[in-house]
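Report on one structure; see the data block that follows.
A quick note: this is a predicted structure, and the numbers were derived from the prediction, not measured. What's counted below: heavy atoms across the whole structure, side chains too, no hydrogens, waters or symmetry copies.
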Amino acid sequence: AAILDDGPLVFQLEKYLDGSEEQVEVISKASISFEDRERDIGLLINALPEIEIPAKAQVSAVEAIKAANITKKDKVSSGIFASAIYGAIMPTNFNILERNISRELPAYAKPGYEARIDLENQVDLIFSNPNDTAYTLSFSIEDRKLVATLKGQSFLYKYTLVKEEETKYKPKTIKQYSALLKETESNVSVDGKDGLLVKIVRKTIDENGEEVLSEILSDDFYTPIHRVIITGLKEPEVEVPAEGPEDEPDIDPETEQPTDEQNPVDDDGENEDG
């Protein structure tokens, strides 16, 4: 007993599972529709068909793209690529070290599942693999969708995603005025869009189906886009003075002088003004 090591000992239970050393399987998949970006996405995955995720290591999506010598900096295609990666690693025990989202939810992304990268401004998606085995992310195009597939040794636990909160915020209406439009005319300059708050939780489930851990994975807020209406200017109302205002003196038609009531004459025959 004296020669035994003291202190905590760590054993990787996955190594003792039957056939775990040799078995490589699909862990998860994520797909993103790219609409009219087929050419850009095709060039991207031709240059970067897969990403190796070493054991006990972290991976940067921006650095992976730079290492593949991809020079085209299309932000939409990069966002689709990053969202596919993020969707594939969400139901795993990978740690998300850095993740960014857009100010407005892109048309290709689901709430809570977006990831944004910007090669010029070092906006990145960074994650780490805490396991003792390596994994591989591969990319393909299927039915006008970018598909990210994570392959490797199966996990001891299962990981499920639950949407715990989704709240919408109505936009305001902003009215602006233009002299180029008539008073009765109006145009919608900006269509409003609801703001959104969404929370995605990752739950860790053991082999008995019991929850052992719950963590917030996405807590995203997109501000509402206010509706802008441009309308014509309203002509100001001009008050027309009534004829013969009270402060205007009455004129004697014979002398063409003000009447005595409004310009009184003193005893010497001169008025008060001298």
Side-chain angles (χ1 to χ4, degrees), residues 26-35 37 53 58-62 75-118 121-131 135 137 145-150 154-174 190-228:
V26 174
I27 304 299
S28 63
K29 275 188 176 185
S31 61
I32 306 289
S33 298
F34 50 72
E35 297 180 355
R37 300 278 173 173
I53 308 172
Q58 71 179 37
V59 174
S60 160
V62 168
K75 293 183 179 180
V76 176
S77 299
S78 298
I80 294 172
F81 183 70
S83 297
I85 294 175
Y86 183 61
I89 65 174
M90 286 177 75
T92 70
N93 65 348
F94 289 3
N95 301 310
I96 310 301
L97 305 180
E98 180 183 341
R99 170 179 168 256
N100 300 274
I101 62 173
S102 307
R103 292 177 59 87
E104 178 184 352
L105 181 66
Y108 58 78
K110 294 192 303 181
Y113 292 80
E114 184 210 357
R116 171 177 169 262
I117 60 176
D118 188 336
N121 298 311
Q122 292 299 308
V123 177
D124 207 346
L125 171 65
I126 303 176
F127 56 94
S128 67
N129 172 18
N131 305 289
Y135 290 84
L137 263 172
K145 293 180 180 180
L146 173 62
V147 179
T149 304
L150 180 68
S154 62
F155 300 116
L156 181 63
Y157 295 126
K158 292 183 179 180
Y159 301 91
T160 60
L161 304 175
V162 178
K163 183 189 295 184
E164 286 204 344
E165 183 179 347
E166 183 172 340
T167 306
K168 292 185 178 180
Y169 297 88
K170 293 295 182 183
K172 298 179 180 179
T173 298
I174 300 174
V190 178
D191 290 324
K193 188 175 182 180
D194 290 345
L196 185 64
L197 172 66
V198 61
K199 183 184 293 184
I200 305 294
V201 173
R202 179 168 65 187
K203 295 182 181 292
T204 304
I205 310 298
D206 66 12
E207 58 184 0
N208 296 321
E210 296 183 1
E211 180 181 319
V212 296
L213 180 65
S214 178
E215 56 183 326
I216 297 174
L217 204 60
S218 303
D219 191 3
D220 302 343
F221 177 69
Y222 298 94
T223 57
I225 298 175
H226 300 309
R227 190 168 185 258
V228 179

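- Using modelled atom types, one side-chain atom of R99 and one backbone atom of E114 make a donor-acceptor pair closer than 3.5 Å.
- Here CD1 of I27 is found 9.0 Å from OG1 of T92. Values are rounded to the nearest 0.5 Å.
- Other residues, nucleotides and ligands contribute more than 12 heavy atoms inside 6.0 Å of the NZ atom of K193.
- One N or O on the side chain of S83 and one on the backbone of A115 form a donor-acceptor pair closer than 3.5 Å.
- The shortest side-chain heavy-atom distance between H226 and V190 does not fall under the 4.5 Å cut-off.
- With contacts defined as side-chain heavy-atom distances shorter than 4.5 Å, the pair L197/D219 qualifies.
- Scanning both residues, A82 and L125, for their nearest heavy atoms gives O-CD2, 3.6 Å.
- Side-chain N or O atoms of S214 include none that pairs as donor or acceptor with a backbone N or O of K203 at under 3.5 Å.
- Within a 6.0 Å sphere centred on CD of E207, other residues, nucleotides and ligands contribute 12 heavy atoms or fewer.
- Remark: side-chain polar atoms of N129 are paired, donor with acceptor, to backbone N or O of N131 under 3.5 angstrom.
- Not counting sequence neighbours, the partners of N100 by the side chain to side chain donor-acceptor pair (under 3.5 Å) test are E98.
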**Study point:** Audit row: Y159, F94, ring pair (Phe, Tyr, Trp, His ring centres under 6.0 Å) steps and yes/no
**Key:** CA-CA 10 Å; Y159 301 91; F94 289 3; 9.3 Å; no

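- L105 and P111 get closest at one heavy-atom pair: CD2-CG, 3.7 Å.
- For the atom pair CD (Q58) and CD1 (I126), the distance works out to 6.0 Å, reported to the nearest 0.5 Å.
- Here the shortest heavy-atom pairing between I85 and A148 reads N-CB, 4.4 Å.
- Closest heavy-atom contact between D194 and P171: OD1-CD, 3.2 Å.
- Remark: the backbone N or O of N208 is paired with a side-chain donor or acceptor of D206 at under 3.5 angstrom.
- Note that the CG atom of D220 and the OG atom of S102 stand 10.0 Å from one another [nearest 0.5 Å].
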Review point. Passes side chain to side chain donor-acceptor pair (under 3.5 Å), S218 versus Y86? Steps please.
Key: CA-CA 11 Å; S218 303; Y86 183 61; 2.7 Å; yes

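- The OH atom of Y157 sits 12.5 Å away from the CD atom of E211 when rounded to the nearest 0.5 Å.
- How far NZ of K163 is from OH of Y113: 7.0 Å, rounded to the nearest 0.5 Å.
- Side-chain N or O atoms of R103 include none that pairs as donor or acceptor with a backbone N or O of T223 at under 3.5 Å.
- Looking at P106 and V76, their side chains never come closer than 4.5 Å, going by heavy atoms from C-beta outward.
- The residues R202 and E215 are annotated as salt-bridged, a charged nitrogen and a carboxylate oxygen being separated by less than 4.0 angstrom.
- We find that D191 and R227 are not joined by a salt bridge, their nearest charged nitrogen and carboxylate oxygen being 4.0 Å or further apart.
- Screening I101, D124, V123 for a side chain to side chain contact (heavy atoms under 4.5 Å, CB included) involving R116 leaves a single residue, V123.
- If you take CZ on F127 and CG on L137, they are separated by 5.5 Å, rounding to the nearest 0.5 Å.
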